[in-house]
Amino acid sequence: QVQVAESGGGAVQAGGSMKLSCVVSGSGQCSSSISWYRQAPGKEREFVSGIDAYGIADYADSVLGRFLVSQDNAKKTLRTLYLEVNLLKPEDTAMYYCKASPLRWDGILCQPSTDNYWGQGTQVTVSS
């Protein structure tokens, strides 16, 4: 059973920084795409940043140059994705969610799948 858990949110003043963590466990022997999304009150959930199953990082334009994503795959069964959020703005205030999309082992290869697992989120609040 895949489990996703975020941590590291909090309250900070504009211009500040924090580091969010997402721990993914139970995803098996195949790698996973792990991504950060955020949802502000009254708005739709949006992609922020992530690293796909092949190690390629991606960022939303709104955070490019301010946020930095990295991962720790020291243990195959426990993966951690970090998001360093810098130069925070009030508009970055949102609930930040982590999504894990593990590849699926078919007995021979790891194959893409449509399985997605979400965490409960961690709140980031930026005051002006």
Side-chain angles (χ1 to χ4, degrees):
Q1 180 71 19
V2 178
Q3 294 185 319
V4 180
E6 306 96 334
S7 62
V12 68
Q13 289 192 326
S17 301
M18 60 178 64
K19 189 172 184 177
L20 309 182
S21 299
C22 169
V23 178
V24 179
S25 60
S27 59
Q29 63 184 17
C30 297
S31 60
S32 302
S33 294
I34 308 177
S35 304
W36 286 98
Y37 286 72
R38 66 185 180 187
Q39 186 167 19
K43 295 189 176 182
E44 293 187 354
R45 192 171 295 190
E46 63 176 1
F47 171 79
V48 176
S49 180
I51 297 180
D52 69 15
Y54 310 100
I56 306 299
D58 193 16
Y59 298 89
D61 289 343
S62 59
V63 306
L64 194 62
R66 298 189 298 123
F67 291 10
L68 180 66
V69 68
S70 61
Q71 64 181 353
D72 177 3
N73 290 336
K75 297 181 182 179
K76 262 195 170 180
T77 56
L78 190 73
R79 300 179 174 90
T80 304
L81 191 75
Y82 301 101
L83 185 68
E84 295 181 45
V85 295
N86 305 302
L87 299 174
L88 283 163
K89 306 175 181 180
E91 51 263 42
D92 293 318
T93 295
M95 184 72 80
Y96 283 68
Y97 296 93
C98 187
K99 182 183 79 170
S101 306
L103 299 181
R104 188 169 55 195
W105 177 249
D106 67 1
I108 300 175
L109 296 172
C110 294
Q111 300 283 6
S113 78
T114 58
D115 298 332
N116 295 314
Y117 302 87
W118 291 89
Q120 295 298 309
T122 185
Q123 177 69 36
V124 173
T125 302
V126 185
S127 58
S128 57

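- Tracing side-chain contacts under 4.5 Å through hydrophobic residues (I, L, V, M, F, W, Y), one never reaches Y97 starting from V63; they form parts of separate clusters.
- A salt bridge (Lys or Arg N to Asp or Glu O under 4.0 Å) check over residues 97-113, counting only residues at least two apart or in different chains, returns nothing.
- The distance from the CG atom of L81 to the CD1 atom of I51 is 5.0 Å, given to the nearest 0.5 Å.
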Under 3.5 Å, side-chain donor or acceptor atoms of residues 121-128 against the rest of the protein: list the pairs with distances, not counting sequence neighbours.
from	atom 1	to	atom 2	distance (Å)
T122	OG1	G9	N	3.0
Q123	NE2	A94	O	3.4
Q123	NE2	T125	OG1	3.4

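- Closest of all the heavy-atom pairs between V12 and G16 is CG2-CA, 3.8 Å.
- Closest non-hydrogen pair, E6 versus Q120, comes out as OE1-N, 3.1 Å.
- One distance of note links CG of L88 with CE of M18; it measures 6.0 Å at 0.5 Å rounding.
- From S21, atom OG reaches atom CD of E84 across 10.0 Å, with rounding to the nearest 0.5 Å.
- Y82 contributes atom OH, which lies 10.5 Å from atom CD of Q71 (distance to the nearest 0.5 angstrom).
- For the side chain to side chain contact (heavy atoms under 4.5 Å, CB included) criterion with S49, the lone passing option out of L68, V69, I34 is V69.
- Applying the ring pair (Phe, Tyr, Trp, His ring centres under 6.0 Å) rule to pairs touching residues 2-43 yields Y37-F47, Y37-W118, sequence neighbours excluded.
- For A53, the side chain to side chain contact (heavy atoms under 4.5 Å, CB included) test picks out S31, S33, L103, with sequence neighbours left out.
- Taking the salt bridge (charged side-chain N to carboxylate O under 4.0 Å, His left out) definition, one finds that R66 meets it with D92, sequence neighbours left out.
- Distance CE/M95 to NZ/K43: 16.0 Å, rounded to 0.5 Å.
- Side chains of Y96 and C22 form no contact here, defined as non-hydrogen atoms less than 4.5 Å apart.
- In this structure, CD in E44 is found 8.5 Å from CD in Q39, a value given to the nearest 0.5 Å.
- By the neighbour-count criterion of 12 heavy atoms within 6.0 Å, atom CD of Q111 is densely surrounded, having more than that number from other residues, nucleotides or ligands.
- Shown here are the side chain to side chain contact (heavy atoms under 4.5 Å, CB included) partners of S17, two or more places apart in sequence or in another chain: N86.
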